[in-house]
Amino acid sequence: MDVFLQAIALMFQWQNLAALMGGALYGIIIGILPGLGPAAGMALAIPLVSSWSPVTALVFVGSLYKCCNYGGSITAILVNTPGDASNAATILDGYPMCEKGKGGVALSISATAALVGGILGTLCLIYTAPLLAEFALKFGPAEYFLTAILALSVIAAVVQGATLKGLISAGLGLILATVGYDVITGHLRYTFGILILEDGIPVIQAVVGLFAVTQALVLAESMESISRIGKLEGSSWEGVWTYFKYPYAVIRSAVIGLFIGVLPGVGQSGAGLVAWAEAKRESKHPGTFGTGDPEGVISSETSTNACMPGDLVLTIALGIPGSVAAAVFLGIMIIFGVIPGPMVFAEKTNEIYTLFVALILSSLVLFLVGMTLARYLAAVTLIRNEIIVPIILIVGLIGSYAIRNMMEDVMISLVFGILGYVMLKGGFTTVPLLLGLVLGEMVELNYHRALLMSAGSYSIFYSSTVCKILILLTIVSLAGPYLGSLGRRMKGRGKLIGKA
Amino acid sequence: MRAKLNVLMAVFFLAMTFTWGAHAIWAAGYPDKAITIIVPFAPGAGTDLDARGIVPYLEKYLGVPVKIENIKGAEGKLGITRLWRSKPDGYTLMIHTVAETLMGDIVLPNVEYRTADLSHIGTFTRGNSIIVDHTDNWKTFPELAKTGRERALIGGNPGKGSPSHFNAMLLMKKAGVKVNWVPFSGAGEALTALAGKHTEFSIHTAPSILSLVKAGKIRPVVVLSEIKDNVFPDAPLAKEVGYDVEFLPVLRGLDGPPNMPEDVQQVLDKALAQAVKDPGFVAWAQNRMSQVYYLNREEYNKLIKAHLKELQENKDVLDAM
């Protein structure tokens, strides 16, 4: 405990507090700008921090890293444009809440999720990092394949009510995920000689198209504002109260987020989507998901916020970066002589524990900033459509362009925008498509890898204990809805018999 | 109103982030405006971090802002193609992993550029491919090779067609070891699989394995290089364990589009020569555990030719990738 007291004392030196605030602000702004995620944000900060002391630099970068996601949530909720792929799921219910005039409430839910998810995730990082790291090492390609299948099984819940259209959407997503250079066989697939497609369909650009561009088209059809009722409803504190009304959803989403964060290469976009779909399945009123159900925002936001500290588990415990952003963070740690690994807690006590304190405090900063700004930011949803539509389009497309400075990325966003519009008018939901796009590569690559390892034997998919557990969970996940209704029917019959 | 303000702020910040560190000093002739350096990898990749180390010192000696543009994708092809198509005026350059780009010409499909025709300025850092295995497995390379002659080993690599992959294949061929190669997307995934004993050995450069080695999870068994690794000086070289093979070093080089004017190349050559000797850069490289390895224009061009010859001689290994 005294290491923490020491770290807190360090934290409250003026330069570290300034770094915390500066990092938070910088992170929020980077997050708001579509296309610039935490990885680019931290890389841009390297020249700035390189002359600072290690503690101050890590506080700044850690705070920046933590706060990026919140910035992206702001634009996701208000104008349907995610700042980064991780905010995709927040759109699903956050934006419809804005349409109902509850933009401020959605933003304060997101701020509360940043606080709770961030702190839960960070506490797990602090106290269970070595354990979680050992757990993550049990996952080889076969286990990754089964994890991705388990994650895909939530599609079954998402498409309930419109199964055929949902499955078509999911299939389209999976097909789109195969586009590009196959890193295992070295072949090009469905690229039609177009160079940019060799890198596959980029998720952020697709999301900007599916949501921002599509929504701009929809908004352009009417002369209203995003908030259909033309005014704002609910206070910021309503968001906080609402948040704590769903403790079960919070815990479940935090666990999903942490789990996905700990596994390298899955990513925050998957975390939000899977948590959202899982919440929909568990819900007693799945029909309201996607129409502005606060529980949807709670799930996706808590999950992505818990995912980020999860991402750091392997990075700090074993020096394995779990994502591009974590790789930049690892690079910065090494430059400052903080070599991750089991020894780092003893060797660089001050740096590491101050970083942990900074992660917790930056969650708190986010909460305060979010609660203060929610009402004012929500006013964006009152702007008339003829003004907000061009702004959404410009911000979204600049974001697409800024990722790699390539005009082709803008084209991808526009194509997906039209696709999204057609799907919307045809009554298709885009969530399964997104899940397919995000998880498709993970399914395919790891299937291929596992078979390379086992020299073609399928036994690798069920021989380990982790595999067996994952298979069992998938079966439960798929059969769950039927078992549930069967149970109710049995109960109902029991009552009838009782009456007779 | 507030929304407009937000957007204004956003645009302003966007502009700011892209001109970070802009302190233009106007000089006669080249260079007289900001230079863009393409890095064909994501931020945080080994090449990217080395590039971010040298760039402030290139700025210092060129007297103009130098900014990095990460254009990752399609195994580096997107960024390299962008350089290939850009004007050879010295304002668009690239920092890359030399052998990887060279091999890309051969192993990647549908490549429009020829790496050998780029304007080669110089190299500044190097890494060495190191074969690592789990500490519960073989202690030395000969033991590993002995098992590998009896049955096929499961070998991970951080990317199909990388120089490390090529180097390991050269050695395994010489040692008569059979390998089922499993390509991963990056060092992170490959290392997780190795540390969790899903693969039996893997091949990496020093900075990415240091933490796991210190944690006692994995062990470097042989360095695929003719010089000792700066981070693991105790790890034996391939020739010390009985295999004298010529490997491709993992060099970070500075290149321009084909046919850059001679005077531009000379200016860049001189600036790079000064930058690599700057104490600030030397200290940075040491912290990052990159080995400073400077080759001037002449030496670098020679090395490219030698690499090409080596790759042609081992066409069979490349084909087997």
Side-chain angles (χ1 to χ4, degrees), chain A residues 29 32-33 36 39-40 42-44 46-47 136-141 180-181 183-184 186-188 193 195-196 198-199 264-265 314 318-322 324-325 327-331 334-337 339-343 376 379-380 383 388 391 395 398 402 404-406 445 449 452-453 455, chain B residues 2-4 6-7 9-11 13-14 17 20-21 42-45 48-49 52 56 68-75 77-78 81 107-110 152 154 159-161 180-186 188-189 191-193 195-196 198-199 207-208 210-212 214-215 217 284 287-289 321:
Chain A
I29 295 174
I32 287 177
L33 296 175
L36 286 182
M42 285 188 282
L44 286 168
I46 292 179
L137 292 184
K138 296 222 182 308
F139 281 70
Y181 176 78
V183 296
I184 300 208
H187 294 156
L188 293 175
L195 181 62
I196 188 104
E198 288 184 21
D199 194 36
L314 273 190
L318 294 173
I320 301 173
V324 176
V328 182
F329 191 76
L330 176 66
I334 291 179
I335 292 169
F336 283 104
I339 314 295
M343 316 298 286
Y376 304 106
V380 170
I383 299 174
I388 196 78
I391 294 179
V395 173
I398 285 183
R404 293 185 290 204
N405 290 5
M406 283 193 168
L445 287 183
R449 276 180 199 138
L452 280 173
M453 283 170 50
Chain B
R2 204 158 286 274
K4 276 189 198 161
N6 277 351
V7 173
M9 252 177 63
V11 171
F13 209 89
L14 200 70
T17 45
W20 194 281
D48 174 73
L49 289 172
R52 285 176 197 280
I68 289 178
E69 206 176 288
N70 295 96
I71 304 182
K72 66 145 197 125
E75 312 298 291
K77 257 169 80 179
L78 293 187
T81 308
V107 296
L108 293 178
N110 193 23
I154 303 172
K160 189 189 180 80
N180 284 340
W181 286 103
V182 185
F184 288 88
S185 320
E189 289 182 22
L191 282 169
T192 319
H198 304 281
T199 54
S208 59
L210 182 66
S211 295
L212 280 170
K214 279 178 85 179
K217 290 264 178 212
W284 196 92
N287 286 341
R288 159 143 167 73
M289 287 169 293
M321 267 182 163

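The chains referred to below are lettered A, B, ... by the order of the sequence lines, with proteins before strands, and numbering in each begins at 1. Values below: all heavy atoms of this structure, side chains included; hydrogens, waters and symmetry mates excluded.
Contact annotation: the side chain of A/Pro321 never approaches that of A/Val328 to less than 4.5 Å [non-hydrogen atoms, C-beta and beyond]. Between B/Pro109 and A/His187 the shortest side-chain heavy-atom distance does not fall below 4.5 Å.
Contact count versus chain B (heavy atoms, under 4.5 Å) is highest, among A/Val324, A/Leu188, A/Ile196, for A/Leu188. The residue among A/Ile339, A/Ile334, A/Ile184, A/Leu137 with the most heavy atom pairs within less than 4.5 Å of chain B is A/Leu137. For the set A/Leu330, A/Leu314, A/Leu445, A/Val183, the count of heavy-atom pairs under 4.5 angstrom toward chain B peaks at A/Val183. Ranked by heavy-atom pairs under 4.5 Å with chain B, the list A/Pro342, A/Gly331, A/Gly140 is led by A/Gly140. Most heavy-atom pairs under 4.5 Å with chain B: of the set A/Ala43, A/Gly186, A/Gly337, this distinction falls to A/Ala43.
Only the backbone of A/Phe139 comes within contact range of chain B, judged by heavy atoms closer than 4.5 Å. If you measure heavy-atom distances from A/Ile320 to chain B, the contacts under 4.5 Å come from the side chain alone. When heavy atoms are compared at a cutoff of 4.5 Å, B/Thr81 approaches chain A solely by way of its side chain, counted from C-beta outward. Within the 4.5 angstrom heavy-atom criterion, no atom of A/Met42 approaches chain B. For a residue to count as touching a neighbouring chain, one of its non-hydrogen atoms must lie under 4.5 Å from one of that chain's; by this rule A/Leu195 touches chain B with backbone and side chain alike. With a 4.5 angstrom heavy-atom cutoff, B/Trp181 touches chain A only via backbone atoms. Using a 4.5 Å cut-off between heavy atoms, A/Ala325 makes no contact with chain B at all. With a 4.5 Å cut-off on non-hydrogen atoms, B/Asn70 touches chain A through its backbone but not through its side chain. There is no contact between B/Met321 and chain A, counting heavy-atom distances below 4.5 Å. Within the 4.5 angstrom heavy-atom criterion, only side-chain atoms of B/Ile154, from C-beta onward, approach chain A.
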Open item on the list: Could you go through A/Leu452 and B/Asn180, starting from their C-alpha distance and side-chain angles, then the distance that decides it, and tell me whether this counts as side chain to side chain contact (heavy atoms under 4.5 Å, CB included)?
Closed with: CA-CA 7 Å; A/Leu452 280 173; B/Asn180 284 340; 5.9 Å; no

- [ ] Please report the C-alpha distance between B/Leu108 and A/Tyr181 in whole Å, then the side-chain angles of each, then the deciding distance to 0.1 Å, and finally whether the side chain to side chain contact (heavy atoms under 4.5 Å, CB included) criterion is met.
- [x] CA-CA 9 Å; B/Leu108 293 178; A/Tyr181 176 78; 3.4 Å; yes

- [ ] Test side chain to side chain contact (heavy atoms under 4.5 Å, CB included) on B/Leu78 and B/Lys72 and set out the steps.
- [x] CA-CA 7 Å; B/Leu78 293 187; B/Lys72 66 145 197 125; over 6 Å; no

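The closest donor-acceptor contact from the side chain of B/His198 to the backbone of B/Thr192 lies at 3.5 Å or more, if one exists at all.
With respect to the salt-bridge test (charged N to carboxylate O, under 4.0 angstrom), the residues B/Lys77 and A/Asp199 do not qualify.
Under the 3.5 Å distance criterion, with hydrogens and angles disregarded, a donor-acceptor pair is assigned to the side chains of B/Ser185 and A/Arg449.
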